[in-house]
Amino acid sequence: MRILLVPKVGDDVLVIGRAMLPEGMTLTTGDLKEGGPALVEKVKEADAIIGFIGRLPPEVWEAATGRIKLIHTLSAGYDEVEIDRFRASGIPFSTNGGANAISVAEHTIMLMLAAYRRLPDMIALTRSGKWRMVMGESRYYELAGKTVGIVGMGKIGQEVVKRLKGWSTSIIYYDVFRRSAEQEAELGISYCDIDELFARSDIVTLHAPSTPETRHVVNAARLAKMKPTAVLVNCARGDLVDEQALLDALNEKRILMAALDTLAQEPPPSDHPLTHHPNTIVTPHIAGPT
């Protein structure tokens, strides 16, 4: 079994990958974004493709159809994958759902705390040679006693819940598939309507997939329901948020902060207003890899 790993990765990562190979398997690397004859030859020599799979170049589809036995993405989502072309080609496709759930959950809680304690401001302050700000000049918050609203109670949402135990928070959630009464009791969560969730929560954190139904689930109407001290966290997909509506809410101080690991356009333009806003924390879609 010959595996083609895309895109190219660092040597240290490749060492780990090759060490995990079962007997009889080989691993080579390529870059789907580059395309071209060299990549086509690698595809023709492979039995499976593993990696971060987006839209495949036409020449890759041609080389893969009838030969490749599996294409497996290392991401949990498949919103950028051409599912109809997979159906037409007959090539099985699989995702990596749940593999990075713990990492994303930890990143989510880090963003909650960083927003509440204005961590980037504190780092910038000390790097500028200053020390404490004047007491009361900025407001900081504790996680204890807050209501956390989770949109999407899949594997990542549940890992966030597990990691919030012991933080003295109340957890409410919304999901199109409500969990059983037994699971709700075990996790210590309460179900509510999505609009109620936005109104009640001190922190709203998004863990839903990107679908036509979830696009702009965070919109002007729901942002208007949020508390002026509320924080929005997004470690899911950028198109879940209407970015102009979020920018308006931040500019008008209708919510406290937004902590985002993903944006609608990635990479964003250098002058993207959310990456420069004083009340945002933006990380470069890095919550998953560890």
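Computed from heavy atoms alone, side chains included, the values below leave out hydrogens, waters and symmetry copies. In this chain, residues are counted from 1 in sequence order.
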Atom CD of residue position Glu62 - does it have more than 12 heavy atoms of other residues, nucleotides or ligands inside 6.0 Å? no
Please determine, by modelled atom types, if Tyr173 and Glu184 share a side-chain donor-acceptor pair under 3.5 angstrom. yes
Please test Arg117 against Met122 for side-chain contact (heavy atoms from CB on, under 4.5 Å), starting from the C-alpha separation and ending with a verdict. CA-CA 8 Å; Arg117 297 303 178 93; Met122 299 301 97; over 6 Å; no
Considering all heavy atoms, the nearest Ser103-Ala287 contact: OG-O, 2.5 Å
dist Ile123:CD1 -> Ser128:OG (nearest 0.5 Å) comes out at 12.0 Å
Is it the case that the side chain of Lys253 and the backbone of Pro228 share a donor-acceptor pair, with hydrogens and angles ignored and the cut-off at 3.5 Å? no
Any link between Leu14 and Ile16 through a network of hydrophobic side chains (Ile, Leu, Val, Met, Phe, Trp, Tyr) touching at under 4.5 Å? no
In Å, rounded to the nearest 0.5 Å, how long is the span from CG of Leu143 to CD1 of Ile109? 8.0 Å
Check: Glu243/His272 side-chain N/O donor and acceptor closer than 3.5 Å: yes
Do Met112 and Lys146 come close enough that some side-chain heavy atom pair is under 4.5 Å? no
Side chain Arg18, main chain Leu27, donor-acceptor under 3.5 Å: yes
Hey, could you give me the CG/OG1 distance between Leu164 and Thr169, rounded to the nearest 0.5 Å? 4.5 Å
Describe, in one word, how the ring planes of Phe86 and Trp61 are oriented to each other, choosing from parallel (under 30°), tilted (30 to 60°) and perpendicular (over 60°). perpendicular
If the condition is side-chain contact (heavy atoms from CB on, under 4.5 Å), which residues does Lys44 pass it with, not counting sequence neighbours? Val40, Glu41, Ala63
Answer yes when Asp47 and Arg67 have at least one side-chain N-carboxylate O distance shorter than 4.0 Å, and no when they do not. yes
Are the side chains of Tyr116 and Tyr140 in touch, meaning some heavy atoms are under 4.5 Å apart? no
Would you check if the side chain of Arg254 reaches a backbone N or O of Leu223 as a donor-acceptor pair within less than 3.5 Å? no
Quick check: does any side chain N or O of His285 sit under 3.5 Å from a backbone N or O of Pro267, one acting as donor and the other as acceptor? no
Distance check, rounded to the nearest 0.5 Å: Ile71 atom CD1 versus Ile53 atom CD1? 6.0 Å
I'd like to know whether Leu21 forms a side-chain contact (heavy atoms from CB on, under 4.5 Å) with Ile3, so could you lay out the CA-CA distance, the side-chain angles of the two residues, the decisive distance to 0.1 Å, and finally the verdict. CA-CA 10 Å; Leu21 279 173; Ile3 299 170; 4.0 Å; yes
With clusters defined by side-chain heavy atoms of hydrophobic residues (ILVMFWY) lying less than 4.5 Å apart, directly or transitively, does Phe52 cluster with Ile49? no
CG (Asp261) and OG1 (Thr108) are apart, to the nearest 0.5 Å, by 8.0 Å
What's the shortest heavy-atom distance between Val6 and Asp31, and which atoms? CG1-N, 4.1 Å
With a 4.0 Å cut-off on N to O distance, would you call Lys155 and Glu159 a salt bridge? no
Taking Thr280 for the side chain and Val282 for the main chain, is one N or O donor matched with an acceptor at less than 3.5 Å? no
What about Ile286 and Leu206, same hydrophobic cluster or not, with Ile/Leu/Val/Met/Phe/Trp/Tyr joined at side-chain heavy-atom distances under 4.5 Å? no
Nearest heavy-atom approach of Cys235 to His107 is SG-CD2, 3.9 Å
Hydrophobic cluster membership, with links at side-chain heavy-atom distances under 4.5 Å among I/L/V/M/F/W/Y: are Ile50 and Met25 in one? yes
Close side-chain approach of Asp121 to Ser138, heavy-atom, < 4.5 Å: no
Can you find a pair of side-chain heavy atoms, one from Leu250 and one from Ile255, that are under 4.5 Å apart? yes
CG/Leu256 to CG/Asp202 distance, rounded to the nearest 0.5 angstrom? 10.5 Å
Does the side chain of Thr214 reach to within under 4.5 Å of the side chain of Val151, using non-hydrogen atoms? no
In short, Ala220 meets Ala245 closest at the heavy-atom pair N-CB, 3.7 Å
Would a single hydrophobic cluster contain both Ile102 and Met153, if residues Ile, Leu, Val, Met, Phe, Trp and Tyr are joined by side-chain heavy-atom contacts under 4.5 Å? no
Is it the case that more than 12 heavy atoms not belonging to Glu142 sit under 6.0 Å from its CD atom? no
Any side-chain heavy-atom pair of Ile172 and Thr147 under 4.5 Å: yes
Thr290 vs Asn100, test: side-chain contact (heavy atoms from CB on, under 4.5 Å). Steps then yes/no. CA-CA 8 Å; Thr290 52; Asn100 64 0; over 6 Å; no
Which atom of Met257 lies closest to which atom of Ala115, heavy atoms considered: SD-O, 3.3 Å
Any donor-acceptor pair under 3.5 Å from Ser168 side chain to Gly145 backbone: no
Spell out, as yes or no, whether a donor-acceptor pair under 3.5 Å connects the side chain of Arg222 to the backbone of Phe198. no
Which heavy atom of Leu5 sits nearest a heavy atom of Gly51, and at what distance? CD1-CA, 4.3 Å
Asp242 side chain to Asn219 backbone, donor-acceptor under 3.5 Å: no
If only atom types and distance count, is the side chain of Lys227 paired as donor or acceptor with the main-chain N or O of Ala199 below 3.5 Å? no
Is any side-chain heavy atom of Leu260 less than 4.5 Å from a side-chain heavy atom of Leu246? yes
Could you walk me through whether Val160 and Ile171 pass side-chain contact (heavy atoms from CB on, under 4.5 Å), step by step? CA-CA 10 Å; Val160 172; Ile171 302 174; over 6 Å; no
Less than 4.5 Å apart, side chain to side chain, heavy atoms only: is that true for Gln158 and Leu187? yes
